[in-house]
Amino acid sequence: MSDASPEKNTALMEKIVSLCKRRGFIFQSAEIYGGLNGCWDYGPLGAELKRNLKEYWWRKNVQEREDILGLDGSILTHQAVLKASGHVGGFSDPMCDCLLSNARLRADQIVPQSGTVYWFTGASHAESGWSVERDYGVLAMAGDDESKVRKTARQYYAQFLADKQISPKTLELTGERTEAMTETTRFNPENGSLLTEARAFNLMFQTRMGASSDESDESSIAYLRPETAQSIFVQFKNVLDSSRVKLPFGIAQIGKSFRNEINPRNFTFRSREFEQMEIEFFCRPEDGLRLTDEWLERRLTFYEEIGIPREHLHVLDIPDGERAFYSAKTYDIEYEFPFGIQELEGVAYRTDYDLGVHQKGSGKSMEYFDEETKEKILPHVVEPSAGCDRTVLALICEAFEEETVTDEKGKEEIRTVLRFSPRIAPIKVGIFPLLKNKPELVEKAREIQKILSPFMTVFYDEAAAIGRRYRRQDEVGTPYCVTVDFDTIGENGEELKDTVTLRERDSMKQERIPIAKLREFLLDRIQ
RNA sequence: GCGGGUAUAGCUUAGUGGUAAAGCCCUAGCCUUCCAAGCUAGUUAUGUGGGUUCGAUUCCCACUACCCGCUCCA
């Protein structure tokens, strides 16, 4: 996808989805039962790919740093945590629908209006005897005349007509009365039509804990966490007290989060169950903005290291007024997916908002005592929060390529190849005996499999012609293949004995390498 | 959530109100000395549930899922 265009590319995305299923990267959840909306399962290769991503992230951010510590919090979350964080009250959108156009509107974003409301109780059609009783209203703003209002009402009632041949114009409106209203948000500013009652659509999955939990017992309510961040904030004190760390330091977590998205879309990109890779990096207030910029750079480097080049990433500096209310600075790192430029990760400076609300909510101090300055401070926090599933999808999209190759006879064909970085490729090396009906070759290949498999994911394959086996591995992104031939078993002299052909995925070049050096050679390239 | 579209084998596509076809893939065997070779054999499908009908994969209805647009994404 080196020539990725920002325009939508549905055909490309369909090919990628098809490959993911065919080769066992990603399946639809509960497919044999018709599928579960917005849920996906990772197949054998997808599981390897995702694991490689998570392990590399953990290695770079936890293992190789002494100032970041790991955490693995529970998914089931105490309701008090999410009340304090603002999710119970605020993690919802009041939505209402226009009764006329069915447009969906955010109730809290409707500009209040004033005018005269015309109420009706129903409509009838004298000729056919049809009638409907249903309350409806239209807001007439200054300048609207009555005929326009009645036309809107007739269009509304016409929706209930069984006979679509009847013109809305011939309907009689019943029960008309008027009412003056000021600053109302119950009507669609576009057309004056009455809206449905606002319904809160909370994006959190709620559950009840305990065997005896009954519907009326509010205290049994728990939630599936909508982000991994909260368990980090809630355990901030415990980590601090148990680990003897000093500011600045971070707590990292990889784990599942759940949001009841209204509209899951774009394959695994927006799912209801998803995995996050988050760091909360705590610091002194004066360092927050600087560290936000530093983290942005560090994260961009990370994406380059796993094979997503900087030129396919976009950094969005979210302007004042568009950031979440708690954030003093936010960068979005976006990737050019075939379906558009979409967010992979947010790097947000959350100030002391989170520790502040939990200090208030729990009544427990979240303060940090600085031994040098002898002062107590409430640390600020910088949060690089990456979507794991989104990054896996980006890795697959970035790696996908259909290459035209010409064989010796001049015949052109399409080679589908996933150009994964060796570091994250699900299978590191394919091991083939040149021929499967020669026991010496098979035996030697099995030996090599045994040597390498403790160190990396290997795939042994003896079926079909050697070229086909190479292509199979190309399609799943295996960077190297090793072939055992007659040289290996010493048929062509001592100097070639115990050497194998090493074939590289991208160049399709082959070189001769001693079996004894294979492990080191491969490990050098996949670390 | 609204509107539009789609649903036949692992994939890509035929087709039919009366036994569902092909190519690729896959599996096994033979053969085969490095880039999807050949021969033989084989497995596998009408998304789910109703209705109409003697009979439905085909017609009708509902549901589900996916795709596109809108909406939404603290």
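Here is the naming used below: chain letters follow the sequence lines, and residue numbers restart at 1 for every chain. Hydrogens, waters and symmetry mates play no part in the numbers below; they use all other heavy atoms, side chains included.
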Counterpart residues, ring pair (Phe, Tyr, Trp, His ring centres under 6.0 Å), relative to A/Phe233 (two or more places apart): none

By salt bridge (Lys or Arg N to Asp or Glu O under 4.0 Å) - contacts of A/Arg154 (at least two apart): none

A/Lys436 side chain, from C-beta outward: closest of B/G10, B/G29, B/A36: B/G29

Nearest-nucleotide pick for A/Arg22, side chain only, options being B/C11, B/G1, B/C35: B/C11

Among B/A36, B/C34, B/C66, the nucleotide that comes nearest once only the side chain of A/Glu413 is considered: B/A36

P spacing across the pair B/U57 / B/A9, given as an integer number of angstrom: 15 Å

Strand RNA chain B as a dot-bracket string - pairs counted if Watson-Crick or G-U with both distances under 3.5 Å, | where the partner lies in another strand: (((((((..((((....[..)))).(((((.......)))))....(((((..]....))))))))))))....

Ring-ring centroid check A/Phe267 A/Phe269, cutoff 6.0 Å: no

Residues from residues 25-32 of chain A lying under 4.0 Å of RNA chain B - heavy atoms: A/Gln28

RNA chain B-proximal residues of residues 490-501 of chain A, any heavy atom under 4.0 Å: A/Glu491, A/Thr501

Between the protein and nucleotides 41-44 of chain B, which nitrogen or oxygen pairs come in under 3.5 angstrom?
none

Nucleotide of B/A65, B/C11, B/C26 approaching A/Ser18 most closely (side-chain heavy atoms): B/C11

